[in-house]
Structures are given as structure tokens and as C-alpha cells.
Amino acid sequence: MSTCEVLCVVGARPNFMKIAPIMAAFAAYPVRARLVHTGQHYDAAMSDSFFEQLEIPRPHVNLEVGSASHAVQTAEIMRAFEPVLDAESPRAVLVVGDVNSTIACALVAAKKGVPVIHVEAGLRSFDRRMPEEINRVLTDQLSELLFTTERGALDNLRREGIAPERVHFVGNVMIDTLRRNLPRAVPVEQTLGHRPQQGYAVLTLHRPSNVDEPDTLAVLLDTVARIAARLPVIFPIHPRTRAAAERFGLADRLERPGIRLLPPQGYLEMLGLVREATLVLTDSGGLQEETTALGVPCITLRENTERPITLTEGTNTLTGPDPEKILQCFDDILTSGGKRGRIPEYWDGRAAERIATIVRGWLDS
Ligand code: UD1
């Protein structure tokens, strides 16, 4: 009998907070699981620090694929994952989220007849220019068991012909991690060296649609400077964004008054910053959900979101990269405090437990 029932995959930063509670729930249940890290993200600040802070078991193997074009990165992951899958011969492969590691490993497993379990299934931005949207649609098509974070995801999956019996609404594993770690969040004054008296905004920016095109990035950075003139902006900058700003000759726009640049932050540092922020400006998927869970107003610098519950029930507002819309929303938040929001159904810290129960039952059936 194989020692590993479920081979779990992570690769990039947003995967780590999702896998942490799943590995813990599998260990408790038990489901015999092993973890593969593709190495899509490899910097200490983008990867190792999350394993330490979230007490994720050391990966059984690291494929060390690193950065490359989408085609090369996806292909390298597939090539390196296949022999690992052969050696482990698990009953299933579990993937999370929507990054290149997710689709690459799902595709290898499905072609070998190994059932795929997808956590965070059914989210759709309906924008195929987004690489993650392609990863989502394809991963869901390949999956045997699909776990969703919001009820509307089932409608998206049904529309794509996926049998509803395969889909289980379990809630949000990322919010499991958030709830578990709130008491350990690093205080703001420790991260910044002081506590900004009049409040502050947190900014993150890394989507290709915002940072890979010089005009869009320039307009966004100018808008941020206008905000920073009124409220300090804390900006932990993604390596991709820093590289783009330097390449386009825009690096000086990162240094404007009121903007505090930080390197990529650890999970507990980021949680501390976001929890106490006046507002968050972001193009990240995860932060839209985390701000909703924390009741912090969020301005999403995108035209669409695959996480609509953060708009209908949460604290999120979409502005795209349009300066007028961003500044209007910023004003509304300063004057009225922004959307109040409520915590979505099943974002209760127990999603991973539900997943472990269903996976155990499925393995035993
Ligand atoms: C990936 C995910 C995205 C997720 C984001 C979080 C895909 C398609 N995209 O985008 O959904 O929101 O991670 O960060 O999988 N780099 C480093 N150090 C690292 C990793 C990356 O410096 O540890 C730099 C490299 O210059 C690299 C660039 O960041 O070329 C982009 O990395 P990549 O993994 O291709 O995509 P992300 O933009 O991080």
C-alpha cells in the first residue's frame, strides 16, 4: 500500500496560507498526506518565511522550477512533477488556488488517471486575459472533487458542465489560517518602527495587467502619490513590481512623500498591518477576502473580481486603475468609513476540517 494517500501541491505565495490548515486537518484526521513544493516562488521572503510562521510541514520534495515564461514554467513543473507522482503513487493529488503550479500538477495527475482534488474551485473573473482565469477553468475541468469558498461558485461550475455531486461548499481555508493566526499577528509598531498616528493605507500591486504596462503603472503610482499626500501608504512591494518600475524608469515614483516601501512581508507581519489599516488598496485575490474577514475597507485596483462575495457581502469595492474612481472611493472611506460588510457563510475557521472529513469519506468509499 502506498504510504501517501493524498499528494498535496504548493508553489507560489498565495498557496501557502491555503495548504497550512489542510495539512494540519489531514494530520489530525488522519489522511496520510505528503507535500510537494514546485519552487515557483523561492525567495526566503516569498516562501520559507511562510513555512516557518504557519508551521507547514517541510515539503517532501522541492521541484525547484523557479521563474520563467508561463509556458516554460508550467512545462518545467509538469516534467519535474511526473516522476514524483510515479514514485508516490497516491490515491489523489490535491491542488489549491489558481497559480501555474496548480494547473501544471493537476494536468499531470489527470493524464495519469490520478484523481485531482481542487481547493478554491469555481471562482471566475470571466476575464481570460488573466492567466489565473485560464488556470481556474482548466483545473476545475480536470478535478474529481471540487471544494468551493462561496455558494455562487457552484453556478459557475454547473454552467461549465461539471456534475454538482462533485462540488462541496466548505468555506475558505485562507480564512482558517487568518483566524488561527490573528493572536500571533505582529504589531504594527514592530514592523514599521512606529505607529502612524492618523492611520494608514496598505498597498499591494503585482498583477500583470497593472504592472507590466508602463502607462498603467505610471498612472497607478501617481494616484498612490495623491493618496499618500493625505494618508501614509505602506507598500510591501512584490519583486515583479519593483523590477517593472525599474525597467520602465518609474523607480523614482516609488519614493514619493508619504509612501513607505517595504520588502515582501511575512504572513504575520502582513496580518498585523492589514488588521489595523484604515483601508487597503490591492490587486491581490487573497487580500480582497482577508479584508472582508477583518472588516477593513478594500479598494480593488481591478475591473473585475473572481470573488464576488467580497463585493456583495464584504468590504470590497472595484475601481480598476481609474484615478478618479480610486480617489472617489478613497474619499468615501475617509469620510464615511466605507462598506461595513459581514462575514460570509462558512468563513468560520473550519473549512479545512470539512475538507478532511469529505476526503476521508471519499478515500474510504
Ligand atoms: C504568481 C501567481 C499569481 C499570484 C502571485 C503571488 C501565476 C500565473 N501567478 O504571480 O496568481 O497572485 O504569484 O505572488 O502563477 N520572483 C522573485 N522571487 C520569487 C518569485 C518570483 O523575485 O520567489 C519574481 C521573478 O522576477 C518572477 C516574477 O517575480 O519572474 C513573477 O513570478 P511568477 O511566479 O511568474 O508570478 P507572480 O507574478 O509572482
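For ligands, and for the atoms within them, numbers begin at 1 and follow the listed sequence. Predicted model, so just to flag it, every value in this text is computed and none were measured. One is the number of the first residue; the rest follow in order along the sequence.
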Query raised in the report: Please state which protein non-hydrogen atom is closest to atom 38 (O) of ligand 1 and give its distance, to 0.1 Å?
Result: Arg240 NH1, 2.9 Å
Query raised in the report: Any Lys/Arg nitrogen of Arg360 or Glu5 sitting under 4.0 Å from an Asp/Glu carboxylate oxygen of the other?
Result: yes
Query - Close-contact set for ligand 1 against His238 heavy atoms, below 4.0 Å - result: 14 (O), 29 (O), 38 (O), 39 (O)
Report task. Pick one of side chain, backbone, both or neither for how Ser47 approaches ligand 1, counting any non-hydrogen atom pair under 4.0 Å. Result -> neither
**Report entry** Trace of the salt bridge (Lys or Arg N to Asp or Glu O under 4.0 Å) decision for Arg124 with Asp140
**Finding:** CA-CA 11 Å; Arg124 296 291 180 269; Asp140 286 339; 2.8 Å; yes
Requested in this report: May I ask you to test the Asn181-Arg184 pair for a side-chain heavy-atom distance under 4.5 Å?
Outcome: yes
Requested in this report: For the pair Lys339 and Glu313, find out whether any cationic side-chain nitrogen is under 4.0 Å from an anionic carboxylate oxygen.
Outcome: no
Query raised in the report: What protein heavy atom sits nearest atom 39 (O) of ligand 1, and how far away is it?
Result: His41 NE2, 2.8 Å
Query - Nitrogen or oxygen of Gln40 less than 3.5 angstrom from that of ligand 1 - result: yes
Query raised in the report: Any protein heavy atom under 4.0 Å from atom 26 (O) of ligand 1?
Result: no
Query raised in the report: Would you call the rings of His238 and His206 parallel, tilted or perpendicular if under 30° counts as parallel and over 60° as perpendicular?
Result: parallel
Requested in this report: Can you pull out the closest protein heavy atom to atom 8 (C) of ligand 1? Residue, atom name and distance to 0.1 Å, please.
Outcome: Asn100 OD1, 3.3 Å
Requested in this report: Quick one: look at Glu132 and ligand 1, take heavy-atom pairs under 4.0 Å, and tell me if it's side chain, backbone, both or neither.
Outcome: side chain
Requested in this report: Return yes when atom CZ of Arg350 has more than 12 non-hydrogen atoms of other residues, nucleotides or ligands closer than 6.0 Å, and no otherwise.
Outcome: no
Query - Closest protein heavy atom to atom 19 (C) of ligand 1, given as residue, atom name and distance to 0.1 Å - result: Tyr42 CZ, 3.5 Å
Query raised in the report: Does any N/O atom on Asp43 come nearer than 3.5 Å to any N/O atom on ligand 1?
Result: yes
Report task. Kindly check if the number of other-residue, nucleotide or ligand heavy atoms within 6.0 Å of CZ (Arg226) is above 12? Result -> no
Query raised in the report: Looking only at heavy atoms of Ala243, does any of them come nearer than 4.0 Å to an atom of ligand 1?
Result: no
**Report entry** Numbering as shown, the atoms of ligand 1 that approach His206 to under 4.0 Å (heavy-atom distance)
**Finding:** 4 (C), 5 (C), 6 (C), 12 (O)
Query - Electrostatic pair Asp127:Arg302 at N-O distance under 4.0 angstrom - result: no
Requested in this report: Number the atoms of ligand 1 from 1 as they appear, then name those within less than 4.0 Å of a heavy atom of His70, with their elements.
Outcome: 8 (C)
Requested in this report: Answer with yes or no whether the side chains of Tyr267 and Ser49 bring together a donor and an acceptor at under 3.5 Å.
Outcome: no
Query raised in the report: If you count the atoms of ligand 1 from 1 in the order shown, which ones are under 4.0 Å from a heavy atom of Arg207?
Result: 12 (O)
**Report entry** Nearest non-hydrogen protein atom, atom 2 (C) of ligand 1
**Finding:** Val99 CG1, 3.7 Å
Query raised in the report: Taking atom types as modelled and ignoring hydrogens, do the side chains of Thr149 and Asn172 form a donor-acceptor contact shorter than 3.5 angstrom?
Result: no
Query raised in the report: Given Pro239, Ser101, Pro14, Ser67, which one has a non-hydrogen atom that is nearest to atom 30 (O) of ligand 1?
Result: Ser67
